[in-house]
Every structure is written in C-alpha cells, then in structure tokens.
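Each remark here refers to the structure printed beneath this line.
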Amino acid sequence: MGTMAFGRSGASTAGWTRRRARFAGTAHWLLVPALAFTLALVVFPFGYTFWLSLNDYQFGHAARFNFGENYAALLHDAVFWQGLGTTFFLYFLSLALQLVLGTYVGLLLNRRLHGQTVARTILMSPFMMPSVVIGMMWLVILDPSLGAANYILSLLGLPPSQWLASPGLVVPVIALIDTWQWTPFVALIVVGGLQALPIEPFEAAFIDGATRWQAFRYVTLPMLRPTLLTAAILRSVDLLRFFDIIYITTQGGPGNASTTLNIYAYRRGFEFFDIGYASAIMIALMALVAIVVLALMRLRRSL
Amino acid sequence: MTGTGRIGCALLAAGVALAVGSWCGAARAAGDTVDWKRFNGQTITFLSSNHPWAQAVLKRLDQFTELTGIKLRVDTFQEAQMRDRLMTVLQSRSSDVDLFMSLKSREGLLFADAGWYADLRPLVNDPKLTESSYDLTDFSPALLKAEEFKGKLAGIPLNIEGPVLYIRKDIFARCKLAEPTALEQLPDIAAKLKACDPSIIPFVSRGAKGALAYTFSNFLHNLGGDYFDAAGKSNLCSTPGKQAMQLYADLLKNYGPPGVVNYSFLQIREIYGQGRAAMAFESSNEFGPIMQFPGRTKDSDVALLPPGPGGVSRPTVIGWGISMSAFSQHQDPTWYFIQWATSPAMQTALALDGIAPPRVSIANSAEYKAWLAAEPVRQEWSKSLDAMARTGTSEVGPPMEQQPEARDILGDELQQMILGQVNADQACAAADKQIDALVAREQHH
C-alpha cells in the first residue's frame, strides 16, 4: 500500500512537474500582452520623457543632447525651488486638513442617524463633480469684487479679503478648495475602515471604564491607522501633482505664488515651448512622488 | 479694381449671400474660371478655437459643403488647449490638421521660423483656384502685414481687434467730469471719480500676468516707448518705459478693483457690464457681450486710449488669422475653405454678427452702416476700429520668437508693482535683465 502509494505519488509528482513546466511556459506567453501593455503605456512614456529631459528641445527646433544641462539649470532656478516649496506646502496643508476632517466626517457617517442616506449623498457630491466646474464655481464665489465670499464677510462686519489674488493667502485658499472637494472621499474610506473593525476591543475598553474619547484615541485610531495611511497614499499622489484647480483659478499666480512644480512644467512646456526643460521638471516631480509614496507604503507595512 | 467697384462687388456679394445663402454667384457671373466642385468628396480638418468668429462661420458651414462638396471636419477647443494640440501635431509634422486659427502676434514668429505655415500667396495668385473678386488688397494693411513673414503669406486676417476705453458717460456727467483727452489725465480723473462716488471702481484693465501685455502695450506706445532699443536690447528702463509701467500699475493699484491681479477679459466684462466700473480698458471684441448688459448701450462711450504727450497715439491692433499647415496633404481644397470663409460676402455677413471686419470695404456696406447707425456707441466702436486699422501697431509685448515667455516676465514685474512689492526702477531693471537673457538664449538656438 505504502509502495503503491509511493509509486502513485512518484508518478503523480513527475506528472505534476511536467504539467507545471508546461504551464510555466504557457504562463510566460500569457504574460506577454500585460508586459507589452506596461512597456507601451508606462515604460516608454517615462523613458521618452527622461530622454527629452537630457535634451535642449524647443518646439519648432530640432532636439540637441545637452548632457544634463537642464538638471544643472534646475539647481539655479529660483522659480523651481519656489515651486518645490509651494508643492510641499500645499501637499502637507491639504493632506492634514483632509485626514482630520475626513476622519471626523467618517465617524459621523458611521453613526446610525436619521436622514443619513441624504446626508451621505450630499456629502459625497463634491468629489463626483468635475474639477473644472469646481474651479469655476470657487473663482466666482471668491472674486473680491463680484463674489459672494466678501459679501458674506461684509454681512458679518468683517473686512473684505483678496482671497485668490493675495500672494499670502492663495495657497491656503486653494488647499481649502481641494479639502472641500476631497474630504468626502477620505470620509468614505474611513467609513469602510470603521465598519471592518472588530467590536470586542471596544467592549473590553468600555468594560474597563474607558471614556468615548479614550476609546477613540487608544482603540479606534490605532486600528484605523492602516486605513488612514491608504487614504494618505491615494491623496498624496493627487496632491503632489496638483494641477486642475490651480490652472483654472490662478494659473499659478499672482506672480508665482501658487506655481506648483506641475504648473511650472506645464507653463515651460506648453506656453514657453521649452519641452526639454519641462521634462526635467517632470522627472524631478516624479522622483518626488515616488519617494513620498514609497515612504508611506513602508510606514504602512511596518504597522 | 477701384474703390467704388470694390464696394459694389461687396454689396452685390453680400446681398447674394444673405438672400440666397450662397457666396460665389456674383463673382462667377463675372466669368471666373474657378471650379468649386473640383474637390468634391474630399475631407479636410480644421482645428478651431472657440472664438466668436469660428462660431459665426461654422453655423454657415452647410453653404460651403453645398458649394464645393468638400467635407470639413472641425475640432474645436478653448484657445490654450487648441494651441497645445496644434503644436503637438505640427511638431510631429503630421498632416492630421489641414488648417487652423492662429494669433500671429503671439506665435507667428515661432511657427514661421519652424516652417509650419504654408505660403498662401501662390494659391491667392492662381486664377484657377481664386475668384477675381477675392481682392487681397481689400484687407487692412496692418493686419495683412501681421500675416506676412519673410515675404510669405502665412494666413488671411479673420477679424480686427484691440483694446478700447469703455466709458460710463452718465457717471462722468453726474460727477461733472469731462472724458479724458490725454493719457496723463487718467490718474487725476480716476481720483475725482473715486472722491465723487466711492462705490464705483474708477478704472479697470487687465492685471493677470499672462494677459496684461495686451493692454499695457498701448500705454507704452502712446508714451513714445518701444520694447527694444535700436541695439536690440530690452528698453523698459527708458523714460517712457518706466513712465508706462508706473502709470499702468498706479491706475490698477490705486483705482482698480480688489484682486485685479487675476483679472482678464472675463472679469472686466462682468465688472463693467454690471455697472460697477466707470472706465474699462478692454478688448473691442468684448463690445458685443458688454452691450448686452442692461443699460450699457445707452450709458457708454467707446474711444481709443487717449494720446500721450505730443498727441502720440499708437493703438494696439491685432487680429486672428486662418492658416494652412505646411504638412497638409489637401492644400487646394483647404484654400477653398479659407477663400470662402474670408470672402467679402462672408465677412459682410459676419460683421452683422458683431465680428469686426478686417476688410476695408465692409465698413461701407449698406447693412453694416445701418447696423452701426442704430446706436451712437456702435459708431464710436467702429470709429475706434477704423483708427486702429489705420494707425495701430500689432506689437503686443516684446517682438521675439519667445514672446509668450517675454510677456510673462513683463506681467510678473507689473504684478509685483500693482501689489506694491517693488517700484518701477526695480521692476523695469528685472524685466530688462530677464528679457535680454531670453533674447540671448533665443539667439543661441
């Protein structure tokens, strides 16, 4: 029996090995379309952009290889460094606001309240709207002369604000617009995370006499951390390459006050026709996004 | 052809176009040899900006298809997006686009140096392809000159436009003020308007950095300045250059609306149209939309920017043109469309839709005259356009290939002055330095 079993087992192992080898061969071929797709849509554009970034390439002229002069020029470009600062300021401010408010709204939505369905629908609507519509809407509301925002301030007896026309205020105001749009998205992720939490740790905490704040601080928040990090990764990618609302509302102004790296690269490439230099800015931005996302993913794995 | 003959031809053609909906009857009756059905069944592609001219022409597209049998495929974008798409197509020397709208004052030098415009002159001069009534000399000389690069005709003018001063005559009357007759009077008048009615914005013009060169240039030129000196160096720190920067920035800083650094035509149209501003220096193209606001037709005057010292008046005048791609595989049928769309009859019909005509003869057509006569403010608008066509300059920003970047540099420095961050000496010095560096970079290429 044992021999038979061994014999059958040996035969079946050999067969399995052959089948596995055949399958492995087939599997490699099955991977080809996916690899070709990846090469065509990811590797080629990235490689082409990198090649362009190594050239002095102006629209209307032939490209000329310039041995990384574009990257050397970046180091001495004040607008690039200002853009880097603006990109990070906008990123940290928006992310902090969205995570804090998103968690708060998520906790509210997770409670069983009357009219919850209606409230959820209304709250979710901003991130379903096209960014162009949102940009135009806030541009009108925040116009210092024609908009509703200053009218409301005047009703409250407050002085008018320049909003998007103020070099000091423009980035926080854009962060608030983005927060208005994307907080519901973070809230949805938080609700999903909350509904997946086990109930036992909360029961144990309340039996041990924890207050609601202590339960939130020491039970909910630690268990919700992976969910919040997922939300942070998703929003980080968007925020570091922030473009649409800035382009619609200020085009990077006043001056360069709201010029992020993405806006700067667009202007250099498509308004000033300097494709080589714009590509170098985009490669720098891609490296930045990759570093931040990798750091966040490592943090998530360490939890 | 004599002037009277041109007028007669234009009137006849206009009548035919309006009554029958077809353009070429008058000219063909005169014995022309153009076979309009020669390219029947071919397809050409038009990359169009979402501009009033394009909208007005494309609603008459059936007439062109009926006349020629040529199918026109139209891709319409907002101006900036149209330019993005166009440059990608032309850079790759693709024949995907046969014809496109082009603003020569902005991108003309770059496109011409790159060899992206087809030369239209051989087509205009070919009697088998062009009606004898087409008459290229009927176009405003300034506009036609703006379409020419190194002897080649890169496009045909579509419209004429430039900044004009919209003035609320009722507010001036209420404040017992005379309308400005000299540029240097503007600050004083604005101050008096502010004192008379603090709720009114005395003066508004463009403050957005990419847009303000269009309005600022008229200040510079009327004050006797030029962007470059005789040696080809940036000249903003010359006396007239500094005066122009100071005057423009002061007017917007002290008498403009809050947030003016983000203002372009859209905000100016709204603020003047809604009756919130006493003076607005903005494009003549905005005349139609502004006059649609209640009351503006009756209470507004329209004039050129007042002259500078010594009566110098060099208004800014530009126009969109329609151009053919040098890579088009359908140049003859494409020329048929350009010819049809810029013919005297079509431009007469468009003028009645509020598109300021680039052809001199249109101003004399009966329909157009009747339209103008209906409101005094229309006549003032037309008079300003005539003066622009005769005396204007199409120099909107430093005349160089990298003009968009040069305009941006100028806009950035003027914005800083409007925001009170720098003075005229600092702003002009910084602008001159950056523009000279840009010129050097351009020469290096």
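Residue numbers begin at 1 in each chain, while the letters A, B, ... track the order of the sequences.
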Fill in: Leu142(A) versus chain B, the contacting section by heavy-atom distance below 4.5 Å
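No part of Leu142(A) comes within 4.5 Å of chain B.
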Worksheet entry | Pro160(A) portion near chain B, given a 4.5 angstrom heavy-atom threshold |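 Contact with chain B is absent: no heavy atom of Pro160(A) under 4.5 Å.
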Discussion item. If only side-chain N and O atoms count, and only distance matters, is there a donor-acceptor pair under 3.5 Å linking Gln58(A) with Gln402(B)?
Written reply: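 Gln58(A) and Gln402(B) do have a side-chain donor-acceptor pair below 3.5 Å.
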Any side-chain heavy-atom pair from [X] and [Y] closer than 4.5 angstrom?
X: Asp56(A); Y: Arg441(B); answer: no
X: Phe273(A); Y: Met87(B); answer: yes
X: Asp274(A); Y: Glu405(B); answer: no
X: Glu107(B); Y: Phe59(A); answer: no

Closest heavy-atom contact between [X] and [Y]?
X: Asp408(B); Y: Arg267(A); answer: OD2-NH2, 2.6 Å
X: Asn256(A); Y: Asp412(B); answer: ND2-OD2, 3.9 Å
X: Ala80(B); Y: Tyr247(A); answer: CB-OH, 3.7 Å
X: Ala165(A); Y: Leu419(B); answer: O-CD2, 4.2 Å

Worksheet entry | Sequence neighbours excluded - side chain to side chain donor-acceptor pair (under 3.5 Å) pairs with any residue from residues 156-166 of chain A |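 Qualifying pairs, neighbours excluded: Asn150(A)-Trp163(A).
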Item to complete: Pick one of side chain, backbone, both or neither for Arg83(B), based on which atoms fall under 4.5 Å of a heavy atom in chain A.
Response: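 Interface part for Arg83(B): neither.
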Worksheet item: What part of Asp84(B) gets closer than 4.5 Å to chain A, counting heavy atoms only: side chain, backbone, both or neither?
Response: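 Its backbone and side chain both get close to chain A.
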Worksheet entry | Test side chain to side chain contact (heavy atoms under 4.5 Å, CB included) applied to Ala326(B) - qualifying residues, sequence neighbours left out |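 Listed in chain order: nothing, the list is empty.
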